[in-house]
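Letters go in sequence order (proteins before strands), and every chain restarts at 1.
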Amino acid sequence: MAPVSMAQAINAALADALADDDRVVVFGEDVGALGGVFRVTDGLTAKFGEDRCFDTPLAESGIVGMAVGMAMNGMRPVVEMQFDAFAYPAFEQIASHVAKMRNRTRGALPLPMVIRVPYAGGIGGVEHHCDSSEGYYAHTPGLTVVTPATVADAYGLLREAIASPDPVVFMEPKKLYWAKEEVTLPARTAPFGRAEVRRTGTDATLVAYGPAVPVAMEAAAEAVAEGWDLEVVDLRTIVPFDDDTVMASVARTGRAVVVAEAQGFAGVASEIAARISERCFHVLEAPVRRVTGFDVPYPPPKLEHHHLPGVERVLDTVATLQWEDR
Amino acid sequence: MTTRSGIDLLPTSRPLQLLDKRGRRAPKTRGGGLAMPDDETLLAAYRALVVGRRFDRQATNLVKQGRLAVYPSSHGQEASEVGAVLALRPTDWLFPTYRDSVALVTRGIDPVEVLTLLRGDWHSGYDPVAHRTAPQCTPLATQAPHAVGFAHAARLKGEDTVALAFLGDGATSEGDFHEALNFAAVFRAPVVFFVQNNQYAISVPLARQTAAPSLAHKAVGYGMPGVGVDGNDVAAVIAAVAQAADRARSGGGPTLIEAHTYRMDAHTNADDATRYRTDEEVAAWRDRDPVDRITAHLRGAGLLDDARVGAVAAEAERVAADLRERLPEQTPPDPAELFAHVYSSPTPQLREQADLLRAELAEEV
């Protein structure tokens, strides 16, 4: 096995999908000759030709709207939004058509398409390049919302996204693009709707997804020194949400902290905390806590480390989980 | 590929016309080289105009009777609605808006299914694939990029399908209008952008939408031909759309057509048009009525007699009566359908919610 980065795994998933299925097309801004600003589509135009991987005019609503039409006509478009905040012009297409076309037509016009969104911070990006926008999509019925935290999942989940009969918003944690793992591609991973226990533990559950998973793993490793044995659950898909795995974990540990990079108010972390409180109330030893970004516009690079939920803040929160009752 | 100069992309200074408002042949210079459709096509158009108008009147009455939630009428625009559809092949695709019900009836979609949306039973009532007609689109101009994608996919698949996007004058101010036209031109997608300029976006007149010389002029900025056509002249509409569709089909790229017409009714039953336009203006447009025009032409040409007029009128009445009769019989949707089509298979959470609703409904019985 050779070390593979998440960006390389996504590139391989795109290449393999293009090779396996003539209906797959990849397009967006700078995805052709340049290979994307993160080089995720590197070499695809050269290998598969201009009809299969191509640059578009610079217009995100047009890109997503065009993908809708292509999906209506039997193709499987995979489009790239260059950065999280640059996807906002496409929001009307996503909320009003991508998410609703199947329902509107009682299944007559499904939209098998993937919208790839490099998202979240931690890379020193300037304004509009670091938003955690998953909450907008997760709040929109009809969208499948996926976010890998491992290299293997980046490959496996993207292949499943492209094969899915439903539209998928594929959120790529851009600070993990260069994270490498020893994996053999093609990697096979668990299907949509299945969360993974990345680390087993007995004292508390850290629930995380995307860029917060490595933070949760590091916190769990450091917690050993404090005498806490923490379990880490990686959601993998926000929608569909795996209540079973999350609740089973919290039922075992009796304590839960949700870790997410996005601002906390009315977000995915809040939904998870509410679901745990509703379903695990009688086994909880302490209130469910959230560790999230502040409710501020994404900070400038020199301040982002204050905003991002780090290991310290996670452990400080774990410390509040009423251990005195143990 | 030759580079177009821009000048040859410009629309004519006056909208193209084949029949003047009295149904006489317009001077050749007004036709801009458009070919007069054959007699059979004009008779089919006459029939579709009469039936379409009767449908439109019936739907408006159904709202007044409380049997439809709302109906955006296209009364006065029937020549545009009918002409755009008749100019295409059955294999071509339409991307209509909420105001294009008459176009859908012309396409052969069951009028009851056309009105499913407005009756409030579901968001769309017809099979889009069987009729090659996308669901009627409510958010303005957002269907235009779909037409571009659909058409581009057809080209990639080696099919000669053309996509026609219906739009209104107000929609030309939307960002998606710009993005769709630009994409279509860059990809040379086989699309016809068919703008019905009915002069008002609800209450706001065209002068508040644009300072362009005409909407068709906008085409030049994208590098595609812009065509202005008299939208109350069904012969000219058919000819202009057919010409644009032929060009698209043969790889010549998209066309922007602006059909100059007028919405005789208010925006919907909830609107009061007297607050923003004058009786004189409405009367001037009534004098340019599209049905009267084609009727006068066909009678003058000896193609239409009283018997045929009577037969078409009777058919239109049958369509209206059938609509009145069958509309209430449409089966009310099953509440379980709320959860059935959100995803290809419901999420565990949706299954829970479906169970909850089922239990609530069981208790009510």
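- For A:M75, the part lying under 4.5 angstrom from a heavy atom of chain B is the side chain only.
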Any idea which donor-acceptor pairs are under 3.5 Å between chain A and chain B?
{"residue": "A:S61", "atom": "N", "partner": "B:E179", "partner atom": "OE1", "Å": "3.4"}
{"residue": "A:S61", "atom": "OG", "partner": "B:D176", "partner atom": "OD1", "Å": "2.5"}
{"residue": "A:S61", "atom": "OG", "partner": "B:D176", "partner atom": "OD2", "Å": "3.4"}
{"residue": "A:G62", "atom": "N", "partner": "B:E179", "partner atom": "OE1", "Å": "2.4"}
{"residue": "A:N73", "atom": "O", "partner": "B:K157", "partner atom": "NZ", "Å": "2.7"}
{"residue": "A:N73", "atom": "OD1", "partner": "B:K157", "partner atom": "NZ", "Å": "2.9"}
{"residue": "A:N73", "atom": "ND2", "partner": "B:F150", "partner atom": "O", "Å": "2.9"}
{"residue": "A:Q93", "atom": "OE1", "partner": "B:H146", "partner atom": "NE2", "Å": "2.8"}
{"residue": "A:Q93", "atom": "NE2", "partner": "B:T142", "partner atom": "O", "Å": "2.9"}
{"residue": "A:Q93", "atom": "NE2", "partner": "B:D176", "partner atom": "OD2", "Å": "2.8"}
{"residue": "A:H97", "atom": "NE2", "partner": "B:T142", "partner atom": "OG1", "Å": "2.7"}
{"residue": "A:N103", "atom": "N", "partner": "B:H341", "partner atom": "O", "Å": "3.3"}
{"residue": "A:N103", "atom": "O", "partner": "B:W122", "partner atom": "NE1", "Å": "2.8"}
{"residue": "A:R104", "atom": "O", "partner": "B:W122", "partner atom": "NE1", "Å": "3.2"}
{"residue": "A:R106", "atom": "NE", "partner": "B:E337", "partner atom": "OE1", "Å": "3.2"}
{"residue": "A:R106", "atom": "NE", "partner": "B:E337", "partner atom": "OE2", "Å": "3.2"}
{"residue": "A:R106", "atom": "NH2", "partner": "B:E337", "partner atom": "OE2", "Å": "3.2"}
{"residue": "A:G142", "atom": "N", "partner": "B:Y343", "partner atom": "OH", "Å": "3.1"}
{"residue": "A:L143", "atom": "N", "partner": "B:Y343", "partner atom": "OH", "Å": "3.3"}
{"residue": "A:L143", "atom": "O", "partner": "B:Y343", "partner atom": "OH", "Å": "2.7"}
{"residue": "A:D166", "atom": "OD1", "partner": "B:S344", "partner atom": "N", "Å": "2.9"}
{"residue": "A:D166", "atom": "OD2", "partner": "B:S344", "partner atom": "N", "Å": "3.2"}
{"residue": "A:D166", "atom": "OD2", "partner": "B:S344", "partner atom": "OG", "Å": "2.8"}
{"residue": "A:F241", "atom": "O", "partner": "B:Q349", "partner atom": "NE2", "Å": "2.9"}
{"residue": "A:D243", "atom": "OD2", "partner": "B:Q349", "partner atom": "NE2", "Å": "2.6"}
{"residue": "A:R279", "atom": "NH2", "partner": "B:E352", "partner atom": "OE1", "Å": "3.4"}

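- Residues meeting the side chain to side chain donor-acceptor pair (under 3.5 Å) test with A:S270, sequence neighbours left out: A:R290.
- Contact annotation for A:V239: only side-chain heavy atoms (C-beta onward) come within less than 4.5 Å of a heavy atom of chain B.
- Most heavy-atom pairs under 4.5 Å with chain A, from the set B:C137, B:P145, B:A147, B:A151: that is B:P145.
- With a 4.5 Å cut-off on non-hydrogen atoms, B:L117 does not touch chain A at all.
- Counting heavy-atom pairs closer than 4.5 Å to chain B, the top residue among A:A59, A:A99, A:P57, A:G107 is A:P57.
- The part of A:F54 that comes within reach of chain B is its side chain, from C-beta onward, which places non-hydrogen atoms under 4.5 angstrom from that chain.
- Only the side chain of B:V186 has a heavy atom closer than 4.5 Å to any heavy atom of chain A.
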